[in-house]
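First the proteins, then the strands, lettered A, B, ... as listed; each starts at 1. In what follows, every heavy atom counts, from backbone to side chain, and hydrogens, waters and symmetry copies are set aside.
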Amino acid sequence: MSKRKAPAEDNINHDFCDFLIELANYEKNVNRNIHKHNAYRKAANTIAAYGKRITSGEEARKLEGVGKKIAEKIDEFIHTGKLRKLENIKHDDTAIAVESLTRVTGIGPAKAQELFKLGIKSTKDLHNHKDKLNHHQLIGLKYLEDFEKKIPRAEIELIEDKIRSNINALDPEYLITICGSYRRGKAESGDIDVLITHPNFTSSCSEKGLASNLLKKVVNKLENVSLITDTISLGDVKFMGVCKISEIARRLDIRLTPHDQYNCATLYFTGSDMFNKEMRAHAIQEGFTLNEYCLRPLGSTGIPGEPLPVSSERDVFDYINFPYKDPCQRN
DNA sequence: ATGTGAG
DNA sequence: ACTCACATA
């Protein structure tokens, strides 16, 4: 924790980076130009890492990834406090349509473009063109408003009880953890992210390509008790779908992870994202590599060794000499 | 196989 | 950044 580069919060050129990121997203989502997208992001990153306040386009121009065009934009922003290009985008037909259509889960920038070309410009229009949507997108449209509502903690507690009792009735050897912001103690969450494992399912099983029906059995059970109302997708290890206990439908994800990788998985899926980044960076400092599956030592060559045995989240903190934080402290 | 999308 | 599930080719 000694030396570290400036995190976003104390980035002195914050405002420049913000508009560059906005332009980057516009290029990716509306113009579908990944190269321009990457160019804007690269510029934003080098500017964020630059220690001093930028006072002219000319000064910015010296930085890697900043060319003539971006330098001009920096000058315009310095002089007028805004960008005409960005203002225009706010009134741009395509941009508005893409923003509306991508509210539907399963519709990304590519599908939004396709729909726009057919004259479908908003989620409202979609109701007349359901034949253009796949199963995932139809569910997204059906529950559009519901999925944008936050889930109160008390409701997730009820859902957790129902999941636990039903899975337990199926087989008491399952382990169950609801991760995400709920586990971090938040008062409300965007969705419900459930991790399960079972002693019969280990990493050697999945390495050998041995499928397991452990997840499908769980999903089946939760459908039978009418907790799960829809399935978006269901594979051997990942379920994405919908559950309902109140009047409001909720996004529910369930993933089955190998028993020996369970603690690394709960650590990873509990987040927050910033906490994960910090922890993985610390792991590297200490000569380890950490991901959602395992913790491995890095040899002098930098090649990861065999996964270390992990029997709790705390083990991971201890190995990499990182002060333990309980889930509520990981925000 | 490749692209899309989600997380 | 990386992986899973899916829908196409």
Euclidean distance, atom [atom1] of residue [X] to atom [atom2] of [N] [Å, nearest integer]:
| X | N | atom1 | atom2 | answer |
| --- | --- | --- | --- | --- |
| A/Arg255 | B/dG7 | CZ | C1' | 6 Å |
| A/Lys238 | C/dC6 | NZ | P | 9 Å |
| A/Leu234 | B/dG5 | CG | P | 22 Å |
| A/Asn29 | B/dT4 | CG | C1' | 13 Å |
| A/Lys277 | B/dG7 | NZ | C1' | 14 Å |
| A/Leu215 | C/dT3 | CG | P | 20 Å |
| A/Gln137 | B/dG5 | CD | P | 8 Å |
| A/Arg280 | C/dA1 | CZ | P | 10 Å |

Please classify the nucleic acid contact of [X] as base, sugar-phosphate, or nothing, using heavy-atom distances under 4.0 Å.
| X | answer |
| --- | --- |
| A/His136 | sugar-phosphate |
| A/Arg251 | sugar-phosphate |
| A/Asn291 | nothing |

Looking at [options], which one has an atom nearest to any side-chain atom of [X]?
| X | options | answer |
| --- | --- | --- |
| A/Asn134 | B/dA6, C/dA7, B/dG5 | C/dA7 |
| A/Val237 | B/dA6, C/dC4, B/dG5 | C/dC4 |
| A/Tyr268 | B/dA6, C/dA7, C/dA1 | C/dA1 |
| A/Ala110 | C/dA5, B/dG5, B/dG7 | B/dG5 |
| A/Asp253 | B/dG7, C/dT3, B/dG5 | B/dG7 |
| A/Arg32 | B/dG7, C/dT3, B/dT4 | B/dT4 |

Under a 4.5 Å cut-off applied to non-hydrogen side-chain atoms, are [X] and [Y] in contact?
| X | Y | result |
| --- | --- | --- |
| A/Phe239 | A/Ile228 | yes |
| A/Ile232 | A/Arg251 | yes |
| A/Asp326 | A/Tyr324 | yes |
| A/Leu252 | A/Asp191 | no |

> Within a reach of under 6.0 Å around NZ of A/Lys124, are more than 12 heavy atoms found that belong to other residues, nucleotides or ligands?
Replying inline: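 Incorrect, the count does not exceed 12.
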
